[in-house]
Amino acid sequence: MKIMNKSKVGRNDPCPCGSGLKYKKCCLGKDDGQTEENRTAYARKYNVRLKDEKAVEGIRIAGRLVLETLDLVEAAIRPGLVTEVINTLVHEHTVKNGGIPAPLNYRGFPKSVCVSVNEVICHGIPGERELREGDILNVDITTIIDGYFADANKTFFVGSPGPGARKIVNVARECLRLGREKVRPGNTIGDIGFAIQQYAEGQGCSVVREFVGHGVGFEFHESPQVPHFGRKGEGLTLVPGMVFTIEPMINLGERYLRVLDDDWTAVTRDGSLSAQFEQTILVTDDGYESLTPYDL
Ligand code: MF3
Ligand code: CO
Ligand code: CO
């Protein structure tokens, strides 16, 4: 197959919007890159709903509350804290600010936030577990405001981390940073996954395959799926107006997981530590904008 330089689309190349037209006959020069053909092609072919400026602003507003809530939780973290208290903090802060916590009752999920400690990869249910010095804790918050969804998470240290904790959190953070850097029109979903997988495995860590990033904004989970592994140039081409999460789950040991009897909590099979960072990312005309921006 011909290898194209994906970062620059030629006038006669197929339009990255997927319309089937040449770039010059389609999106070239259209300032927001969102032609009617473009929107329709993505919706019909891939079930991807591109976001216009109004929707983006709605998601941005929800994203601000997500970040504010993550900060509130971070300030409360200490050894001895019971994870149920994090649920209360998130629920009350969200509702008080006009939001709805999306996890609550989502496909039967019983709480308003996911809290995943140490070997828990994701979807941990807040409860009686007490945080201990040296734990790592992922807090994953999804908030709905005015019908718009934003989804982000961070992994925090409880007290001072040991070397394994420090390593897995740093690698997971760098994975999100490297994946995010690949987001621009003309690149593909596979470019994101490749960058993440290459770095994680190069560090001797592994990438969880069963859970992936996802379109977000109008609903909690939309098309497309965004795997954190893959090959350069494969998968859907990114176009302006796409909004999706990147949320690599990286294990210190093997990639395999098991789901506990509560049907939610996903843990590493080998009991090794797992860390994750997530942001909601908009594809812009020349790159990306995080709608849940924090430094990586
Ligand atoms: N916030 C998670 C994600 O990043 C999904 C949690 S689903 C829930 O996609 F039901 F567990 F909340
Ligand atoms: Co998500
Ligand atoms: Co999330």
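Atoms within a ligand are numbered from 1 in the order they appear, just like the ligands themselves. Sequence positions, counted from 1, serve as the residue numbers for this chain.
- Interface of D151 with ligand 1, defined as ligand atoms under 4.0 Å from a residue heavy atom, comprises 1 (N), 3 (C), 4 (O), 9 (O).
- At least one heavy atom of E278 lies less than 4.0 angstrom from ligand 1.
- The distance from ligand 1 to the heavy atoms of P103 drops below 4.0 Å at these ligand atoms: 12 (F).
- With a 4.5 Å cut-off on side-chain heavy atoms, I246 and H228 count as touching.
- Atoms of ligand 1 lying under 4.0 Å from at least one heavy atom of H221, given by number and element, are 3 (C), 5 (C), 9 (O).
- Residue contact check: H123 has heavy atoms under 4.0 Å from atoms 5 (C), 6 (C), 11 (F) of ligand 1.
- Those atoms of ligand 1 with a heavy atom of E247 less than 4.0 angstrom away are 3 (C), 4 (O), 9 (O).
- Note on E247: its N/O/S atom closest to the Co ion (ligand 2) is OE2.
- Look at F211 and you'll find every heavy atom at least 4.0 Å from all atoms of ligand 1.
- Side-chain atoms of F156 and I136, non-hydrogen and from C-beta on, never get closer than 4.5 Å to each other.
- With hydrogens and angles left out, the side-chain atoms of D151 and H214 include a donor and acceptor closer than 3.5 Å.
- Distances from ligand 1 to the non-hydrogen atoms of T142 include at least one value under 4.0 Å.
- Close N/O approach between H214 and ligand 1 is found [any backbone or side-chain N/O within under 3.5 Å].
- Between the NE2 atom of H214 and the OD2 atom of D151, the angle centred on the Co ion (ligand 2) amounts to 90° when rounded to 10°.
- Its N, O or S atom nearest to the Co ion (ligand 2) is what matters here, and for E278 that atom is OE2.
- The environment of CD in E174 is crowded: more than 12 heavy-atom neighbours from other residues, nucleotides or ligands sit within 6.0 Å.
- Counting only heavy atoms of the protein, atom 7 (S) of ligand 1 lies nearest to Y106 CD2, 3.9 Å.
- Note: Y106 and H123 fail the aromatic proximity criterion, with ring centroids not under 6.0 Å apart.
- The closest side-chain heavy-atom distance from K51 to M242 is not below 4.5 Å.
- Residues T155 and L137 are not in side-chain contact: their nearest non-hydrogen atoms beyond the backbone lie 4.5 Å or more apart.
- Salt bridge present: R60 and E57 bring a charged side-chain N and a carboxylate O closer than 4.0 Å.
- Side-chain contact between L260 and V267 is present, with at least one heavy-atom pair separated by less than 4.5 Å.
- Of the protein's non-hydrogen atoms, D140 OD2, 3.0 Å is the one closest to atom 1 (N) of ligand 1.
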